[in-house]
Amino acid sequence: MAEDKKLTKRDEDFAAWYNEVVQRAELADYSPVRGSMVIRPWGYGIWERMQRALDEMFKETGHENAYFPLLIPMSYIEKEKDHIEGFAPELAVVTQGGGKELDEPYAIRPTSETIIYAMYAKWVQSYRDLPILLNQWANVMRWEMRTRLFLRTAEFLWQEGHTAHASAEEAKEETLLILGIYRRFMEDWMGMPPLTGLKSESEKFAGAERTYTLEALMQDNKALQAGTSHFLGQNFARQFDLKFQSEEGQEEYAWNTSWGVSTRLVGGLVMTHGDDDGLVLPPRLAPVQAVVVPILRGDDGPVLEKTDEVASRLRGAGVRVKIDARDHLSPGAKYYEWERKGVPYRVEIGPRDLEKGQVALARRLTPEGAKRKEFLPEGQAIAELPDRLEAFQVELKGSALARREAHTVRGVESIDELEEALAGGAGFVFTGWNGDPSVEDEIKDRTKATLRVLPGEEFRSAETPTRCVSGEGASTAEVAWARAY
RNA sequence: CGGGACGUGGCGCAGCCCGGUAGCGCACUGCAAUGGGGUUGCAGGGGUCGCCGGUUCGAAUCCGGCCGUCCCGACCA
């Protein structure tokens, strides 16, 4: 592997820094398949922790997992007009099978609404069959023009939830329930607090009535759409004949929702917390929370024994621990490696510590912190580590939130001012908006910023804007603009 | 698909202008020492120079065509 000593500085070239971090932390690598990546064990370990946390939250709220096929008949995708318009340019299509041309080509799923609602239509007869609350963990494929590891790849892993309900109200509640779950997950597990709210008409999902989004701010002040939750109305139900007989005996179309987050979250994590030395992982998602490095010299027996003992006591305290006893690497080389990989705590045990009954601790929260050792009595270090990890988690979230707020500009009243704010390092810029898509076009042309979200109530400014940022007409909603991934 | 750049051991590059036995750094293997912030020394292994064709006694180098990748735009979880 290429091992230049220093990473590109985060502030110098964010994109280059990002790529280096992802590759040198061994999260992922480019594959021979166009636009597709290989997720390596360290990266997959993070995704696995994410999966586990989300899966639990879905199940707590009554959802179940299921699996639907990878291939979807083209005719299904074509049924919903907006849906096919949105996805046609990025479909990968299978036209042969068994050495023969297929009568009907199959699309490799870009998302599974169509095949899932076609199946729901078979399963649902009565209101008693509703709601259906299913989720699937799967891969999907979108033939993207330009790709970046985790952020935009042709194939990616995600979860997609698809529900069917007897009433619009219930479906809307579901959409918001999931939005809340995503938000909690991003805040409490990832330490990546997003703005949440509605997408504008022009940014919503192909085939949805409403799209709720979670927009997180990265360290280069660009926004990342980190997840979405859609209220689909009866759009798909009508096309797939997903009907039920109501309590009153009427035949009605079901109401659907769909929602998803993807391995893009791993990229978001990198761009939210990484620094000049590499990755910084929130302890709850770190595959390894503490690495124990024995300092070897000559007579290693006692040191290795102590290392094992400390590691197993830490495991007993619920800490995910890895021992790094490789003897062809110097301790310093190991430190740098684990720093690049973002392990929150390092525990060092050497002969001197053995004599004094102590261990050295270093924490990855900052580059300086990772280099400052704190010597603690062994027992105290073990007892305190779980709490310290939790504190680490809280601090990460706090600093990400502080950064988001510090780069949020409110009360902007003209496009000139918006442009200025962005040039001055703003992330999210809040303005009034008259609801006209042409304002979105104009702002995009002039500033490259897009309307990220119509923020939910808790994010809106104390003083509600009255005029549209374009100067044309009254504001019908406060909105947040940003340049985005 | 429009604009720009680049294809040489695993990675990063030099060599090309001016044709003559393919080089450097990192990584890798072995041995020895070292070991509390990227450790030394010695000895090694590994490359059809993107592909096809042309010119030439001779092509990584010159010429033609093709393919691929990356960056900037339009799309996107």
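Just the heavy atoms: all of them, side chains too, but no hydrogens, waters or symmetry mates, feed the values below. Just so we're on the same page: letters track the sequence lines, and every chain starts at 1.
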Distance between [atom1] atoms of [N] and [M] (Å, rounded):
| N | M | atom1 | answer |
| --- | --- | --- | --- |
| B/C67 | B/C51 | C1' | 7 Å |
| B/G3 | B/G19 | C1' | 34 Å |
| B/G25 | B/G41 | P | 12 Å |
| B/C18 | B/A60 | C1' | 15 Å |
| B/C6 | B/G50 | C1' | 11 Å |
| B/G15 | B/U55 | P | 29 Å |

Between A/H407 and A/Q219, do the side chains contain a donor N or O and an acceptor N or O under 3.5 Å apart?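 A/Q219 vs A/H407: no donor-acceptor pair found between side chains.
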
In whole angstrom, give the distance that lies between atom [atom1] of [X] and atom [atom2] of [N].
| X | N | atom1 | atom2 | result |
| --- | --- | --- | --- | --- |
| A/D445 | B/A74 | CG | P | 9 Å |
| A/K371 | B/G36 | NZ | P | 16 Å |
| A/R24 | B/G12 | CZ | C1' | 11 Å |

Establish whether the base of B/G37 is bridged to the side chain of A/E339 by a donor-acceptor pair shorter than 3.5 Å.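 Such a pair is found, so the answer is yes.
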
Any N or O donor-acceptor pair linking the side chain of A/R372 to the base of B/G37 at under 3.5 Å?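 Result: no qualifying N/O pair found.
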
Base paired to [N] (Watson-Crick or G-U; both N/O distances under 3.5 angstrom):
| N | answer |
| --- | --- |
| B/U21 | none |
| B/C67 | B/G7 |
| B/U55 | none |

Using a cut-off of less than 4.0 Å, is there contact between a side-chain N or O of A/S330 and OP1 or OP2 of B/U39?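 A/S330 to B/U39 OP1/OP2: side-chain N or O found under 4.0 Å.
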
Knowing that exactly one of A/K9, A/R340, A/R364 qualifies, which makes a salt bridge (charged side-chain N to carboxylate O under 4.0 Å, His left out) with A/D275?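 With A/D275 as partner, A/K9, A/R340, A/R364 yield a single salt bridge (charged side-chain N to carboxylate O under 4.0 Å, His left out), made by A/R364.
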
By the salt bridge (charged side-chain N to carboxylate O under 4.0 Å, His left out) test, which pairs, at least two apart or in different chains, include something from residues 354-363 of chain A?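 Every salt bridge (charged side-chain N to carboxylate O under 4.0 Å, His left out) pair that includes a residue of residues 354-363 of chain A, provided the two are not neighbours, is A/R363-A/E395.
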
Do the side chains of A/E187 and A/R183 get close enough for a salt bridge, i.e. N-O under 4.0 angstrom?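 Judged by the 4.0 Å cut-off on N to carboxylate O distance, A/E187 and A/R183 do form a salt bridge.
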
Among the candidates B/U39, B/C75, B/G36, find the nucleotide nearest to the side-chain atoms of A/A333.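 Of the candidates, B/U39 comes closest.
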
Identify which nucleotide among B/G35, B/C76, B/G37 has an atom closest to any side-chain atom of A/R264, counting heavy atoms from C-beta outward.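 Of the candidates, B/C76 comes closest.
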
Determine whether the aromatic ring of A/W158 stacks with the base of B/A77, defined as ring centroids separated by less than 5.5 Å and ring planes inclined by less than 30°.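 It does not: the two rings, one from A/W158 and one from B/A77, miss the stacking criterion.
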
